[in-house]
Amino acid sequence: MSGARYDAAVVGGGPVGAAAALAFARRGARVLLLEANPAAATRLAGEWLHPPGVDALARLGVDVLADGEGPTAGRGFAVFPDDGSDPVVLPYPDGLRGASIEHHALVALVRARACAHPGVDFRPGARVTAVEDGRLTYEEKSNGHAGAAVTVEAARIVGADGRTSVVRRALGFADDANPMSSMAGVELRGVTLPFEGYGHVVLGGPGPVLMYRIGPDRARACLDVPHGADGRPRRDAAALWGAFSPVLPAQVLPAFRAALDERRVAWAGIAFRPRAHYGRGAVALAGDAVGYFHPMTAAGMSLGIVDAERVAAGGDVEDYGREREAESYVPELLACGLYQALTRRDPSGVAIRAAVYRLWRASDAERQRTMRILACAETRPDQFRGAFNALALELVRGTARGWRAFPAALGLLREWIRWPVASILPGALRRAYRAQSTPAHPLASREARTATDSRDARDARDMRDVRGARDAQGDERRGAP
């Protein structure tokens, strides 16, 4: 009904929006929760929660591991190097535990808890058409048809409506996402993973693979599929098998092939948008409506859940944005920098990757530091710089053979220095650069980013051509679906 008043109106009924509605309601607020497409929960989306995300939900009264449908306790990550060496196991430190759970099950759990709270008014099928400071208008579907427009007032409006956020557009923020690749989410059935309870990062294919359990007899393999010359990924089963079967662990190959044969594959785009804009006035953003990066580190869902908790904690939108912008910067830097380090095929990328493997194998302290940052449990820039310094020392130590080779070893670090430099910028300067950053450039002029990104894309295409020719030679030996 038009003219209704709420303390908070949350747009988007996914896990972040439902968590935000629940957080407001538990503080005594009267909350309107709007979801335009309740069936969207079945799409391929975040399914791994790092410990801070699990803990934030627990503080809202949602125990994912106890109450969710088929969750698995997350113990950390296992990285399968592209050089054929043994996997590197990276447990969460300090007894921390994450969780992996199918996306629709997570949505159902958090949404049910929000809707059960007497302070939450949930409106499924409600499509927002206008957002102003303290007021929004929506149309509610009935029998498949849009009803009359309803305008309500709210002291706080939260846009938790994902990458194509209506609320973000209403605020006038640019649609500044950088397309990266596509993701094929393959449902593996009847499979045992090499390291149960761990997320598996498999390298050496056209793009990285992230695997984890989503149920007692099911796992998900998320394949990063680069785009071809036409700007599109190849989506046929033969292409996926030929590209990724050479690098996947042998024990998952039968399930992988069966999934491709039965077309149990869902697709989603991978893109990067810096987490630079959190709202204005009485209107705030949370989750993917703020920004997102490559899902290899699986940090997006946890950052979004913590957004939801913090946006309801009181204070104005400016304070909330300043706090979350600072806390999300190091996880964003790590996600982008680690993706570059673990996937680039040029000499500096190969050298950096080898140094990362050596450092992880040799130092428990560095394994723990990496996991604290990756899990969003450590957000201090000095710790990010410390991790880079340790990597730089390892690269020089492992690459240089006498003083004559020392300058060449340092040269390999030249363009990677942008990551620690970005972490030392003062807050105001960081925020100005961050809004224009790309996955490969946390700070640079637009012209420099364009030139380097073009070169990187060309190098990636060349490597894919070489890898494709190499893999084709093994197709007959492996068989193809």
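Quantities reported herein were computed from a predicted structural model and do not represent experimental measurements.
- Between Trp48 and Phe77, the angle of the ring planes lies from 30° to 60°, which puts this pair in the tilted group.
- Judged by distance alone, the side chains of Thr438 and Asn178 never bring a donor and an acceptor atom under 3.5 Å apart.
- Taking the six-membered ring where tryptophan is involved, the planes of Trp360 and Tyr357 are tilted, since the angle between them lies from 30° to 60°.
- Of the residues Ile157, Val131, Val283, the one that meets the side-chain contact (heavy atoms from CB on, under 4.5 Å) test with Leu171 is Val283.
- Between Arg113 and Asp67 there is a salt bridge, since at least one side-chain N of the basic residue sits less than 4.0 Å from a carboxylate O of the acidic one.
- Atom CD of Glu69 sits in a sparse spot, with 12 or fewer heavy atoms from other residues, nucleotides or ligands closer than 6.0 Å.
- For Arg156 (side chain) and Val10 (main-chain N/O), no donor-acceptor pair under 3.5 Å exists by modelled atom type.
- Looking at Glu378 and Arg369, no side-chain N of the basic residue comes within less than 4.0 Å of a carboxylate O on the acidic one, giving no salt bridge.
- Of the N and O atoms on the side chains of Ser328 and Arg434, at least one donor lies less than 3.5 Å from an acceptor on the other residue.
- Looking at every heavy atom in both residues, Val110 comes nearest to Leu57 through CG2-CD2, 4.2 Å.
- With a 4.5 Å cut-off on side-chain heavy atoms, Val202 and Met211 count as touching.
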Worked check of side-chain contact (heavy atoms from CB on, under 4.5 Å) between Glu327 and Arg310: CA-CA 11 Å; Glu327 291 178 343; Arg310 299 287 179 80; 2.6 Å; yes
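- Between Leu412 and Ser348, the closest heavy-atom pair is O-CB, 3.5 Å.
- Taken to the nearest 0.5 Å, the CD1 atom of Ile305 stands 12.0 Å off from the SG atom of Cys376.
- In this structure, Leu395 CG and Arg358 CZ are separated by 6.5 Å, a value rounded to the nearest 0.5 Å.
- Here the straight-line distance linking atom CZ of Phe122 with atom CG of Leu34 works out to 8.5 Å at 0.5 Å rounding.
- Residues Val11 and Leu136 are in side-chain contact: their nearest non-hydrogen atoms beyond the backbone lie under 4.5 Å apart.
- In terms of heavy-atom proximity, Leu240 sits nearest to Leu223 at CD2-CD1, 4.2 Å.
- From Leu413, atom CG reaches atom CD1 of Ile352 across 5.0 Å, with rounding to the nearest 0.5 Å.
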Which is it for Trp241 and Phe256 under the ring-ring contact (aromatic ring centres under 6.0 Å, His included) test, yes or no, and what are the steps along the way? CA-CA 8 Å; Trp241 175 262; Phe256 180 55; 5.8 Å; yes
Dump the intermediate steps for side-chain contact (heavy atoms from CB on, under 4.5 Å) on Asp224 and Val209, then the final yes or no. CA-CA 6 Å; Asp224 180 30; Val209 177; over 6 Å; no
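- Both the sub-6.0 Å distance and the 45° axial angle are not jointly satisfied by Arg273 relative to the ring of Phe293.
- With values rounded to the nearest 0.5 angstrom, Thr164 atom OG1 is found 6.5 Å from Arg169 atom CZ.
- A donor-acceptor pair under 3.5 Å is formed between the side chain of Arg168 and the backbone N or O of Ala174.
- Taking the six-membered ring for Trp and thresholds of 30 and 60 degrees, His277 and Phe173 have nearly parallel ring planes, at less than 30 degrees apart.
- Here the side chains of Arg97 and Pro51 are not in contact, with every heavy-atom distance at 4.5 Å or above.
- Residues passing the ring-ring contact (aromatic ring centres under 6.0 Å, His included) test with His103, sequence neighbours excluded: none.
- Under a 4.0 Å N-O distance rule, the pair Arg385/Asp382 does not qualify as a salt bridge.
- Using a distance-only test at 3.5 Å, with no hydrogens or angles considered, a donor-acceptor pair links the side chain of Arg26 to the main chain of Arg59.
- Checked by atom type and distance alone, the side chain of Arg324 pairs as donor or acceptor with a backbone atom of Leu303 at under 3.5 Å.
- Under 3.5 Å, the side chains of Ser181 and His227 contain no donor-acceptor pair of N or O atoms.
- Ring geometry, Phe195 versus Phe80: the interplanar angle exceeds 60°, so the pair is classed perpendicular (tilted spans 30 to 60°).
- By the 4.0 Å N-to-carboxylate-O rule, Glu102 lies close enough to Arg220 to be salt-bridged with it.
- Between the side chains of Tyr198 and Thr72, no donor-acceptor pair is found at a separation under 3.5 Å.
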Are Leu106 and Glu47 close enough, and set up right, to give a side-chain contact (heavy atoms from CB on, under 4.5 Å), and what steps lead you there? CA-CA 8 Å; Leu106 177 62; Glu47 297 177 319; over 6 Å; no
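- The backbone N or O of His50 sits less than 3.5 Å from a side-chain atom of Ser302, completing a donor-acceptor pair.
- Under a 4.0 Å N-O distance rule, the pair Asp7/Arg30 does not qualify as a salt bridge.
- In terms of modelled atom types and a separation under 3.5 Å, the side chain of Glu332 and the main chain of Arg275 share a donor-acceptor contact.
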Run the numbers on Ile214 and Ile101 for side-chain contact (heavy atoms from CB on, under 4.5 Å), then give the verdict. CA-CA 5 Å; Ile214 56 172; Ile101 178 172; over 6 Å; no
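- Residues Leu333 and Pro442 have side chains in contact (heavy-atom distance under 4.5 Å, counting atoms from C-beta outward).
- Looking at Leu193 and Val252, their side chains come closer than 4.5 Å, going by heavy atoms from C-beta outward.
- Distance alone, capped at 3.5 Å, is enough to place a donor-acceptor pair between the Arg27 side chain and the Ala312 backbone.
- Annotation: side chain of Leu342 is in contact with side chain of Met296 (closest heavy-atom distance under 4.5 Å).
- Geometrically, Arg163 engages Tyr292 in a cation-pi contact, judged by NZ or CZ lying under 6.0 Å from the ring centre and within 45° of the ring axis.
- Between Tyr278 and Asp307, the side chains place no donor N or O within less than 3.5 Å of an acceptor N or O (distance only, hydrogens not considered).
- Using a 4.0 Å cut-off between charged side-chain N and carboxylate O, Glu394 and Arg361 make no salt bridge.
- Taking the side chain as every heavy atom from C-beta outward, Arg123 and Glu35 never approach each other to under 4.5 Å.
- Under the 3.5 Å distance criterion, the side-chain polar atoms of Arg353 are left unmatched by any main-chain donor or acceptor of Asp83.
- Nearest approach of Val317 to Ala282, heavy atoms of both residues: CG2-C, 4.0 Å.
- Side-chain contact between Arg322 and Arg431 is present, with at least one heavy-atom pair separated by less than 4.5 Å.
- In this structure, OG on Ser363 lies 5.5 Å from CG on Leu359, to the nearest 0.5 angstrom.
- Counting all heavy atoms, side chain and backbone alike, Ala308 lies closest to Ala20 at CB-N, 3.5 Å.
- Leu391 approaches Ala355 most closely through the heavy-atom pair CD1-CB, 3.6 Å.
- A side-chain donor-acceptor contact under 3.5 Å links His117 to the backbone of Gly119.
- Salt-bridge annotation for Asp82 and Arg345: present, with a side-chain N of the basic residue lying under 4.0 Å from a carboxylate O of the acidic one.
- Of the possible donor and acceptor atoms, one in the side chain of Thr370 sits under 3.5 Å from a partner among the backbone N and O of Glu366.
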